Every structure is written in structure tokens, then in C-alpha cells.
Amino acid sequence: MAGIAPDTKFYVDAQDAERFVESVLVGNGVPAAHASVVARCLVAADLRGVDTHGMNRIPSYMERIRQGVLDAKATPELKQVTPVVAQVDAKNAFGFLAADIGMAAAIESAKLYGIGMTSILHSNHFGMSAWVVQKALDADMMSLVFTNSSPALPPWGGKSMLLGVSPLACGAPGKDNPFILDMAPSIAARGKIYKAKRRGEKIPSDWALDKDGNATDDPAAALDGGVMLPMGGPKGSGLAVMMDVFSGVLSGSAFAGNVTGPYDPSKPSNVGHFLVAIKPDLFMSLDDFRERMQYLYDRVVGADKAAGVDRIYFPGELEQLQQQEREKTGIPLVQAEIDALNAEANKVGAKPLVIKNPS
Ligand SMILES: NC(=O)c1ccc[n+]([C@@H]2O[C@H](COP(=O)([O-])OP(=O)(O)OC[C@H]3O[C@@H](n4cnc5c(N)ncnc54)[C@H](O)[C@@H]3O)[C@@H](O)[C@H]2O)c1
């Protein structure tokens with residue numbers, strides 16, 4: 001491997017990636033059925049090109065298990081509060097498990113009553129929100145998927161981290177192209193800064209400030225006491241507050257800067273989530289709804305293009321195209337990422353990652 005550039009990509013098949021992640025999780029005490037849910041959600045992110053929230057999260061998640069701040073064996077508990085409202089106490093299990101059963105309950109309510117809502121407390125990071133939206137889409141449901149997260153953004157006008165870079169996600173079924181909007185309220189998700197640091201890359205200088213409040217293109221300086229910048233000034237900061245109101249204040253979980261981040265293994269995260277499923281065929285048939293979504297899609301991607309623009313995309317479409325590509329090529333990883341993942345496998349006697357193009 002000597003002489004290979006640090007950004008050289010090696011490819012892993014999604015199925016091999018899932019098996020690998022599952023085996024590392026099981027090796028760390030996660031029950032097999034739970035490990036398969038977590039692995040599927042993480043690899044779904046890698047397939048969609050959201051590498052910041054895929055299997056590279058394994059080392060930090062495993063560190064949390066080893067430190068006893070994430071309960072590998074816990075099973076989230078679901079309580080139906082009204083016919084359309086459920087509550088999940090995640091019991092400090094993986095956020096993936098809590099959101100998985102939370103969205104399943106919301107979908108069941110929506111099938112019967114048109115809408116279902118689940119509030120989740122005592123949870124952990126659930127990675128890329130789009131997998132929860134996709135779960136609703138697989139049941140022909142529209143959805144809202146909110147979560148809060150650890151401090152990363154100052155409130156507008158502030159200079160210290162308080163609000164989370166908490167993604168707002170929503171979706172609706174279409175004909176060929178579902179609508180999936182999944183966006184952090186910062187200019188960029190903080191995971192993109194961790195990824196740049198892992199890969200030895202610079203970041204655009206409008207993403208973050210360093211600890212002295214200066215713009216920086218150095219990911220390490222941004223992460224070392226620096227802050228993320230909200231998108232759209234007070235509007236991005238307002239969306240971060242919104243995620244905290246719906247996910248944190250309402251659920252009874254931590255909020256207002258008190259969620260612990262996934263890279264901090266010192267204490268439980270106590271993340272809150274808020275999930276809603278909505279039946280799209282309440283006022284018309286599902287076919288009519290899909291036709292109307294297709295009309296919207298055609299209008300959006302067929303809009304007049306600004307100078308220098310080749311193609312207009314629908315929200316979620318770039319990731320959908322990326323997924324089609326990666327299902328063929330595999331998931332790209334750099335050597336440092338492979339080494340970090342294999343080190344985790346080694347700790348629990350699991351097999352190393354299967355690379356498609358070993359050199
Ligand atoms: N769980 C957490 O605490 C947490 C925190 C932050 C981010 N995240 C995840 O990080 C991921 C990345 O977030 P992000 O804000 O950096 O995403 P992003 O900026 O890459 O994309 C945001 C949205 O914009 C759409 N989009 C992007 N470029 C487009 C274009 N040219 N035309 C049309 N639509 C376009 C995407 O489809 C997506 O829906 C998300 O999956 C999010 O859930 C999770």
C-alpha cells in the first residue's frame with residue numbers, strides 16, 4: 001500500500017459493507033436483529049453518497065458502547081398515547097432502532113387514521129434522516145422527520161455553540177422520483193468537516209469559524225472550539241431552534257444545548273426525535289397524487305436554467321442517482337477509513353472489510 005495517495009478510493013459492495021457493520025456491532029454486544037437495522041441504515045447513507053453519516057461512524061459509535069454511554073443491548077419501548085400519537089423511550093439504544101420503530105408506529109396510525117406522530121426521547125444519533133423518510137416512502141407515506149443534536153451552531157448573533165446542526169427532513173411519494181428533502185440548517189453538515197479532516201482535505205471558508213471567530217478552511221481548526229455557520233443567517237438558526245422545539249422540548253429529551261454529541265463518549269446523548277407519517281391519498285387516489293407529484297417534478301426540473309447550469313434536480317434526486325451508481329460500483333472509501341474500520345473489526349475478532357479492488 002506504500003506510495004498510495006491518501007485520497008485514493010477503494011470500493012466495497014453494499015452487501016459486504018452491511019455484513020461487516022453487522023459483525024462489528026454484534027461483536028460489541030448488539031443483538032443480531034438490532035445490528036441488522038443499524039447496518040442497513042448506515043449503509044443506506046453510504047449508498048446515497050451521504051458518506052458523512054455512513055459506516056465511517058462505526059468507530060465513534062463503538063467507542064460510546066465501550067464507554068458505557070450507549071446501551072448496546074437496550075430495546076426501545078413504544079407506548080401508544082392516542083390512536084394517532086405514539087411515544088418511544090429509546091432507553092439509550094441506537095437512535096436508528098428508536099426511529100425505526102417510531103416511524104413504523106406512525107405509518108400504522110396513518111394507514112388507519114390518515115396521520116401518525118411519534119415523539120422519541122432518551123435516544124442517540126440516527127445518522128442520515130433520509131433513511132427514515134425512505135421507510136415512510138416504502139409504505140407510500142409522506143413524512144416529516146426531525147431530530148435535535150449536540151451544540152454546533154451559535155444562535156443568530158451569538159458566537160458560541162448552542163444549537164444543533166439538526167437536520168430537517170421530509171418526503172412524499174412520486175412516480176419515478178420521490179421528493180426527499182434532508183438538510184441540516186447549517187451551510188454544511190458538521191459530518192462533512194469530520195470527513196474532510198479524515199481525508200486530509202480543506203473545507204470551503206464559509207462553512208465554519210475557528211475558536212477565535214475567524215473564517216477557516218482547516219477542518220481541524222473548525223472542530224477545535226470553532227462553530228458551524230447557519231445557512232441563511234437567522235433563518236438557518238431559526239430552523240435549528242425549530243428542531244429543538246419539536247424534538248427536544250416536546251419529547252422530554254435534552255434540549256437547549258444539552259444533547260451530547262456522537263463523538264463525545266463521556267455521557268449519554270439524550271437526543272429527541274419527532275416523526276410524522278401522512279397518508280397522501282386522503283383527498284384523492286394515490287395514483288392521482290403521484291401524477292400531481294410527477295407534474296411538479298417535470299415543472300421543477302424543466303424550469304428555465306440560469307447561466308452555466310446544465311441540469312436542475314429535484315430534492316433527493318442527486319442522492320438517488322448516486323445510489324444507482326454506487327449499487328454498481330460499490331461504496332468508495334479511502335485507506336485511512338478502511339484502516340479505522342478494520343481496527344474496529346480486529347478489536348472484536350470480526351472479519352476485515354472485503355475490498356473489491358485490492359492492490
Ligand atoms: N442526525 C444528525 O444529527 C445529523 C446532523 C446533521 C446532518 N445530518 C445528515 O447529514 C446529511 C447531509 O446534510 P446536508 O444539509 O449537508 O445535505 P446537503 O446540503 O447535501 O443536501 C440538502 C438537501 O438539498 C438537496 N440538494 C442538494 N443539492 C441539490 C441540487 N443541486 N439541486 C436540488 N437539490 C439539491 C439534497 O437532495 C438534500 O435534500 C443529511 O442526510 C442529514 O440528515 C444528520
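Note that the structure is a prediction, hence the values are computed from the model and not measured. Atoms within a ligand are numbered from 1 in the order they appear, just like the ligands themselves.
- Remark: the Asp287 side chain and the Ser285 side chain contain no N/O donor-acceptor pair separated by less than 3.5 Å.
- Of the N and O atoms on the side chains of Ser269 and Arg64, at least one donor lies less than 3.5 Å from an acceptor on the other residue.
- Every protein residue with a heavy atom nearer than 4.0 Å to ligand 1 is included here: Val50, His53, His125, Gly127, Met128, Ser129, Ser149, Val165, Pro167, Ile180, Leu181, Asp182, Met183, Ala184, Ala189, Lys192, Tyr313, Pro315, Gly316, Leu318, Glu319.
- For Ser253 and Asn270, the side-chain atoms include at least one donor-acceptor pair closer than 3.5 Å.
- The aromatic rings of His53 and His125 sit parallel to each other, their planes meeting at less than 30°, with 60° as the upper class boundary.
- Judged as a side chain to side chain donor-acceptor pair (under 3.5 Å), and not counting sequence neighbours, the contacts of Thr147 are His273.
- With 3.5 Å as the limit, one finds no donor-acceptor pair spanning the side chains of Glu319 and Gln323.
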